[in-house]
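Some notes on the structure that comes next.
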Amino acid sequence: MNNFTRRTMPHILGAGLLLQACSVSVPTDKQADNVVVADLPQVVLDTSAGEIVLEVDSKRAPVTAANFLGHVELGAYDGGKFYRAVRLDTDRGTPPIEVIQGGRGLEFEDDIPGIAHEPTSSTGLRHLDGTISMSRSEPGSATTEFFITIGDQPALDAGGTRAADGLGFAAFGRVILGMDVVRAIQAMPANGAAPDPYVEGQMLDPVVTITTASRRKGAAK
């Protein structure tokens, strides 16, 4: 974003973190919204704006998926929040992107070790409409914070321009239900206090609370 980072909040997104080989068939871009892979885990985010259901690609992004699912199972995201909404008219990067960012909160980032970076060039995943991906600064710094894309965002893939190192961000799943909620969050007032000038006009006020994050019953483990 020019970075979606950890502490400073990107410049994936921006100044820093705000924005971390598979046997199943891969749906085409146009099919993706309508195809659910039965043998992948799913996570339900129950938020103050509504429910978002995620499909987590543990086959193609095993390290990133295991990290996210581990935090879900530990309850790390219960009481978390979506705190940032980036729109075309508020983004300062090139090219401009559209995402919402959330997690435990940046105040917890320094307490957790980062995970190995899985670039899209390795996983085969891409930042399409509804992709969930890890916020980071440098490669290997992603921990708990994540973002969801609105519209296709190829600049966030490996080789794209929004990460200065060229490695992009670690996509690891997608929204399968609740993109209307994601878009509603992105459209909410975002005039909250900014920790960095780069993200002025992007901080949700009020934030959207993640009441609980849990594994969806009946989905693959």
Check: Is there side-chain contact between Ile97 and Thr149, with at least one heavy-atom pair below 4.5 Å?
Finding: no

Item checked: Shortest non-hydrogen contact from Ala190 toward Arg87 -> CB-NH2, 4.0 Å

Next item on the list: Please report the C-alpha distance between Phe82 and Phe147 in whole Å, then the side-chain angles of each, then the deciding distance to 0.1 Å, and finally whether the ring-ring contact (aromatic ring centres under 6.0 Å, His included) criterion is met.
Entry: CA-CA 9 Å; Phe82 284 101; Phe147 60 94; over 10 Å; no

Margin query: Assess the residue pair Phe169 and Phe146 against the criterion (side-chain contact (heavy atoms from CB on, under 4.5 Å)); give the C-alpha distance rounded to whole Å, side-chain angles, the decisive distance to 0.1 Å, and a yes or no.
Written below: CA-CA 10 Å; Phe169 297 84; Phe146 60 87; over 6 Å; no

Check: Do Thr161 side-chain atoms and Thr94 backbone N/O form a donor-acceptor pair below 3.5 Å?
Finding: yes

Next item on the list: State, yes or no, whether a side-chain contact exists between Ile176 and Gln42 at a heavy-atom distance under 4.5 Å.
Entry: yes

Check: Does Thr47 offer a backbone N or O that forms a donor-acceptor pair with the side chain of Thr209 under 3.5 Å?
Finding: no

Notebook entry, point to check: Taking Tyr83 for the side chain and Asp205 for the main chain, is one N or O donor matched with an acceptor at less than 3.5 Å?
Noted result: no

Item checked: Partner of Leu125 under side-chain contact (heavy atoms from CB on, under 4.5 Å), chosen from Thr64, Asp57, Asp157 -> Asp57

Only pairs under 3.5 Å count here: list side-chain donor-acceptor contacts from residues 180-189, not counting sequence neighbours, and write none if there are none.
from: Arg183; atom 1: NH2; to: Asp129; atom 2: OD1; distance (Å): 3.3
from: Arg183; atom 1: NH2; to: Asp129; atom 2: OD2; distance (Å): 2.7
from: Gln186; atom 1: NE2; to: Val86; atom 2: O; distance (Å): 3.0
from: Gln186; atom 1: NE2; to: Glu98; atom 2: OE2; distance (Å): 3.1

Next item on the list: Under the side-chain hydrogen bond (donor to acceptor under 3.5 Å, both in side chains) rule, collect the residues that match up with Glu200, sequence neighbours excluded.
Entry: none

Next item on the list: Please tell me if the side chains of Val199 and Arg84 come closer than 4.5 Å, counting only heavy atoms from C-beta onward.
Entry: yes

Next item on the list: Would you check if the side chain of Gln202 reaches a backbone N or O of Thr90 as a donor-acceptor pair within less than 3.5 Å?
Entry: yes

Next item on the list: Go through the steps for Phe68 and Thr144 under the test side-chain contact (heavy atoms from CB on, under 4.5 Å), then give the verdict.
Entry: CA-CA 7 Å; Phe68 180 76; Thr144 58; over 6 Å; no

Check: Taking the side chain as C-beta and beyond, is there a heavy-atom pair between Leu177 and Arg216 under 4.5 Å?
Finding: yes

Item checked: Salt-bridge present (Glu73, Arg215; N to O < 4.0 Å) -> yes

Notebook entry, point to check: Checking side-chain contact (heavy atoms from CB on, under 4.5 Å) against Gln153, which of Arg126, Arg162, His127 comes through?
Noted result: His127

Checklist line | Side chain proximity check, Leu54 to Leu45, heavy atoms < 4.5 angstrom | finding: yes

Notebook entry, point to check: Which pair of heavy atoms, one from Arg92 and one from Tyr198, lies closest together, and at what distance?
Noted result: NH1-O, 2.8 Å

Check: So do Ile132 and Val175 actually touch side chain to side chain, heavy atoms under 4.5 Å?
Finding: no

Item checked: For Leu167, all residues meeting side chain to side chain contact (heavy atoms under 4.5 Å, CB included), sequence neighbours excluded -> His117, Arg136, Pro139, Asp165

Notebook entry, point to check: Would you say Ile52 and Leu69 are hydrophobically clustered, going by side-chain heavy atoms of ILVMFWY under 4.5 Å?
Noted result: yes

Notebook entry, point to check: So how far is it from Asp78 CG to Thr212 OG1, rounded to the nearest 0.5 Å?
Noted result: 6.0 Å

Check: Is there a donor-acceptor contact under 3.5 Å from the side chain of Ser48 to the main chain of Val208?
Finding: no

Margin query: If you define the side chain from C-beta out and look only at heavy atoms, does anything of Leu40 sit under 4.5 Å from Ser58?
Written below: yes

Margin query: Measuring from atom CD of Glu118 to atom CZ of Arg60, what distance do you get when rounded to the nearest 0.5 angstrom?
Written below: 12.0 Å

Item checked: Point-to-point distance, once rounded to the nearest 0.5 Å, from OG1 of Thr123 to NZ of Lys59 -> 14.5 Å

Checklist line | Exercise: identify the closest heavy-atom pair between Ala158 and Pro119 | finding: CB-CB, 4.2 Å

